[in-house]
Asks: 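I am attaching a structure below and will ask some questions about it afterwards.
Order of appearance sets the numbers: ligands from 1, and atoms from 1 within every ligand.
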Amino acid sequence: MRLTHEILRLRTKHPFIIARGGSADFPTVWVRVTDKDGVEGWGEAAPSRYYAETPETVVAALGAYAPVLADADPFAIEETEAALLTALKGNPSTRAAISTALHDLVGKKLGVPVWKLWGLSPALAPRTSFTIGIASDDELRRRIAEAAQYPILKIKLGTDRDEQIIRVVREAAPDKVIRVDANTAWTPKRALQMIPLLAKLGVEFVEQPLPADDLRGLKFVRDRSALPIIADESCLVAADVPRLAGVVDGINLKLAKCGSLAEALRIIRVARAHQLRVMCGCMVESSIGITAASHFASLLDDADLDGAALLSNDPFTGATIDAGVIRLADGPGFGLSRRAG
Ligand code: MG
């Protein structure tokens with residue numbers, strides 16, 4: 001199989017700001033795997049500096065992974081994914097892109113959608129949330145009005161005015177389900193200050209209140225929290241899950257963190273075995289990455305698959321979101337197309 005790539009210049013409709021900063025420009029890498037019959041599978045790497053990846057590292061890693069794919073059997077995905085990891089460790093979003101492309105390719109070769117290969121039932125997927133980044137009060141109100149179609153909002157916190165943000169949000173969205181994500185910004189003391197207010201305002205859960213490696217702190221907060229605590233930055237791969245059991249209430253997996261669709265499914269199974277709540281999130285990414293995760297969304301308790309919905313220039317079509325309901329595209333593989341124009 002042949003591996004080709006193209007850097008995509010994705011832009012968000014609004015600057016996407018979280019506790020550690022933000023931007024409106026999110027380059028990702030479109031990865032294509034073509035087999036000897038000319039069948040093409042698509043994937044996307046959404047690199048995050050926080051996880052030590054940039055478009056440049058993705059391109060360099062693709063160079064290291066190309067020889068693995070050269071002689072690989074397109075159907076032997078488990079073997080290929082293991083060989084990628086042996087060829088070059090790290091680079092999870094790059095490996096996830098190849099994994100996505102291989103699943104798309106196999107689906108196309110067999111003429112079936114990937115969810116069907118997995119034996120899943122897309123209608124069981126939870127509704128997705130829509131994320132509102134850090135912004136001024138007026139801007140928050142505007143964005144909440146713009147997000148009218150979404151029944152679940154995820155609000156980014158981790159500022160010195162979190163109380164004000166959450167009050168403004170609740171006032172502007174009195175009836176919506178609201179979740180918050182502090183993206184590692186709080187101390188245990190700050191978390192325990194915030195959580196009673198969040199609970200009073202009917203917030204559903206709190207994502208990653210503390211630094212990724214502060215598992216003792218997470219357990220301390222969780223033991224005193226009225227709201228469920230979900231680990232995101234603390235949970236990258238399935239091997240991270242067992243030590244989070246009893247520490248948090250759930251985990252948020254992402255393809256760009258775990259490195260493959262097989263690993264995503266493994267995280268879900270391991271988290272279930274430990275009776276953890278299972279959520280899947282995303283980076284800012286196009287409909288390629290979002291559609292891949294949408295195909296296993298029926299295995300989740302909570303979905304946060306709004307990465308493409310945040311964009312002003314999504315180059316692709318695939319899964320869509322209708323009032324929070326994830327609708328998969330028809331067609332084999334992931335049913336992806338390039339948007340016209
Ligand atoms: Mg998060």
Side-chain angles (χ1 to χ4, degrees), residues 12 14-23 26 28 46-53 92-93 96 126-135 143 147 150 152-159 162 165-166 169 177-187 190-191 194-195 198 203-215 217-218 221-222 225 227-237 240-241 244 247-259 264 267-268 271 276-285 289-290 293-294 297 300-310:
T12 50
H14 305 288
F16 188 75
I17 313 287
I18 68 167
R20 50 180 172 263
S23 173
F26 290 86
T28 67
S48 164
R49 261 179 207 283
Y50 183 81
Y51 298 111
E53 284 187 281
S93 85
R127 291 179 305 175
T128 178
S129 53
F130 182 79
T131 305
I132 309 267
I134 294 168
R143 291 194 200 169
Y150 297 96
I152 307 170
L153 298 179
K154 184 166 122 174
I155 307 300
K156 292 293 193 179
L157 296 178
T159 72
D162 287 345
I165 289 174
I166 201 65
V169 167
V177 175
I178 293 177
R179 304 164 176 170
V180 303
D181 186 356
N183 284 110
T184 73
W186 291 341
T187 60
R190 179 71 176 134
M194 280 301 298
I195 289 169
L198 299 173
V203 166
E204 188 188 21
F205 61 69
V206 178
E207 210 181 302
Q208 199 70 44
L210 308 185
D213 57 2
D214 188 6
L215 300 196
L218 282 169
V221 168
R222 189 236 183 178
S225 173
L227 299 180
I229 305 292
I230 310 291
D232 177 354
E233 285 88 339
S234 299
C235 182
L236 309 187
V237 294
D240 295 327
V241 172
L244 288 165
V247 169
V248 292
D249 299 283
I251 56 96
N252 182 10
L253 73 112
K254 293 177 187 160
L255 289 177
K257 295 189 294 181
C258 74
I267 291 174
I268 294 170
L276 289 163
R277 185 166 174 162
V278 180
M279 172 177 181
C280 179
C282 59
M283 301 299 176
V284 175
E285 51 196 280
I290 296 303
S294 295
L300 307 170
D301 297 306
D302 306 294
D304 181 29
L305 295 171
D306 62 348
L310 297 167

Asks: With a 3.5 Å cut-off and no angle check, do the side chains of D306 and T131 form a donor-acceptor pair?
Replies: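 The answer is yes; a qualifying pair exists.
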Asks: Just jot down the salt bridge (Lys or Arg N to Asp or Glu O under 4.0 Å) partners of E204, sequence neighbours excluded, or say none.
Replies: R179, R277
Asks: I need the protein N, O or S atoms closer than 2.8 Å to the Mg ion (ligand 1), given as residue plus atom name.
Replies: D181 OD2, E207 OE2, D232 OD2
Asks: So, S93 versus E53: side-chain donor-acceptor pair below 3.5 Å or not?
Replies: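 Their side chains do contain a donor-acceptor pair, which is all the 3.5 Å distance test asks for.
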Asks: Using salt bridge (Lys or Arg N to Asp or Glu O under 4.0 Å) as the criterion, list what pairs up with D213, not counting sequence neighbours.
Replies: none
Asks: Please assess K254 against E285 for the test salt bridge (Lys or Arg N to Asp or Glu O under 4.0 Å), listing each intermediate value before the final yes or no.
Replies: CA-CA 12 Å; K254 293 177 187 160; E285 51 196 280; over 6 Å; no
Asks: With sequence neighbours excluded, tell me which residues meet ring-ring contact (aromatic ring centres under 6.0 Å, His included) with Y150.
Replies: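 Only F130 meet the ring-ring contact (aromatic ring centres under 6.0 Å, His included) criterion with Y150.
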